[in-house]
Amino acid sequence: MIGIFGGTFDPVHYGHLGLAQAVNRNLNTQRIIFVPLGNPPHRDRPQVSSEARVKMLRAAIQPYDNFEISTLEVDKATPSWTVETLAYFAEQLPDETLCLLMGSDAFRQINEWYEWHTLLDYAHMVVVTRAGVPMDLSDEVAGFLDRHRVESLPEPIADAQGNILLLQTDVPRVSSTQVRHAIEAGEALDRLLPESVEQLIRTNSYYGYQ
Ligand code: ATP
């Protein structure tokens, strides 16, 4: 099983790493591929360049043997749609079971994603609860979850896509917004992200670090 984990990672923090570790632990994933977004269609533009976000991500995942990065989306000039990214990986890795990883805040808005109904044609979804985010889903998203929810994901690839697993687990309550605010306020970052990432922020004055 291979996890595909998209995000802005602006910057990467212990919430992202905690989510990936929780999935790894619970699903015994072979690999988790972090896919930084190039040109996020649904949100404000990132605060630093794609190169900077990738550099920080590379430093953050360095200690983990089976975490890796795909620059597929940041290398594209056009907006990146998750469904296209999944189709790409499904084609590249035809013998693997893919699961798309996300936090519950992202899942709440899944019905706004491009061609969201077809996401499950390529992968399972693993939704990790995000501390402080209530699971009050719209009727449309709740119905989608009801139709596809399973209590565990099947190991054999016979059923290689189409299910949603809700993983209730403790992931540190950190957000990139909180990190950027902490930098602005000159606060310590050691409880929010790894030292290697902080070092890059410091030496490159990312996010106006002083
Ligand atoms: P921002 O504060 O800028 O909105 P963010 O912290 O939500 O950023 P993203 O890179 O947008 O970070 O998140 C990528 C994915 O990681 C999303 O699916 C999001 O739900 C998930 N995620 C991020 N932080 C956490 C966390 N602390 N707990 C659970 N999921 C998280």
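In listed order, ligands and their atoms are each counted from 1.
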Which of the numbered atoms in ligand 1 are under 4.0 angstrom from any heavy atom belonging to His13? 6 (O), 23 (C), 24 (N)
Could you tell me, atom by atom, which parts of ligand 1 come under 4.0 Å of a heavy atom of Arg180? 3 (O)
Just one of Ile32, Val127, Ile33, Leu167 clears the side-chain contact (heavy atoms from CB on, under 4.5 Å) bar with Leu101, so which one? Ile32
Is there any N or O on Phe9 that sits under 3.5 Å from an N or O of ligand 1? yes
Could you tell me whether Glu195 and Arg202 have a side-chain N and a carboxylate O separated by less than 4.0 Å? yes
Quick check: does Pro172 get an N/O under 3.5 Å from an N/O on ligand 1? yes
Hey, does the side chain of Arg147 reach the backbone of Ala142 with a donor-acceptor pair shorter than 3.5 angstrom? no
Which ligand 1 atoms, with their elements, are less than 4.0 angstrom from a heavy-atom of Ser175? 2 (O), 6 (O)
For ligand 1, is there an N or O atom under 3.5 Å from any N or O atom of Thr129? no
Pairing donors with acceptors under 3.5 angstrom, does anything connect the side chains of Ser196 and Gln62? no
Please check if Val141 and Met135 belong to a single hydrophobic cluster, counting links between Ile, Leu, Val, Met, Phe, Trp and Tyr side chain heavy atoms closer than 4.5 Å. yes
Close-contact set for ligand 1 against Ser176 heavy atoms, below 4.0 Å: 1 (P), 2 (O), 3 (O), 5 (P), 6 (O), 8 (O), 12 (O)
Of Leu100, Asp121, Leu119, the one forming a side-chain contact (heavy atoms from CB on, under 4.5 Å) with Val83 is Leu119
Any atom of ligand 1 sitting under 4.0 Å from a heavy atom of Phe5? yes
Regarding ligand 1, does Val174 bring an N or O atom to under 3.5 Å of one of the ligand's N or O atoms? yes
Atom indices of ligand 1, in the order listed, that fall short of 4.0 Å to a heavy atom of Gly7: 10 (O), 14 (C)
Looking only at distances, please establish whether an N/O atom of ligand 1 is found under 3.5 Å from an N/O atom of Leu101. no
Test of proximity, Arg173 against ligand 1: N or O pairs below 3.5 Å: no
Look at the side chain of His13 and the backbone N and O of Leu193, then say whether any donor-acceptor pair between them is shorter than 3.5 Å. no
Give a yes or no on this: more than 12 heavy atoms of other residues, nucleotides or ligands lie within 6.0 Å of atom CG of Asp146. yes
With atoms numbered from 1 as shown, which atoms in ligand 1 lie under 4.0 angstrom from a non-hydrogen atom of Gly6? 14 (C), 15 (C)
Please tell me whether Val133 and Val174 are part of a single hydrophobic cluster in this structure, the criterion being side-chain heavy atoms less than 4.5 Å apart. no
Which ligand 1 atoms, with their elements, are less than 4.0 angstrom from a heavy-atom of Met102? 18 (O)
Ignoring hydrogens and geometry beyond distance, is a side-chain donor-acceptor pair present between Tyr207 and Asp10 at under 3.5 Å? yes
Would you please classify the geometry between the Phe5 ring and the Phe9 ring as parallel, tilted or perpendicular, with 30° and 60° separating the classes? perpendicular
Candidates Leu100, Thr8, Leu19, Val179; heavy atom nearest atom 30 (N) of ligand 1 found on Leu19
Using a 4.0 Å cutoff against the non-hydrogen atoms of Gly15, which atoms of ligand 1 qualify? 26 (C), 27 (N)
On a heavy-atom basis, I'd like to know which of Thr177, Asp10, Asp105 is closest to atom 19 (C) of ligand 1. Asp105
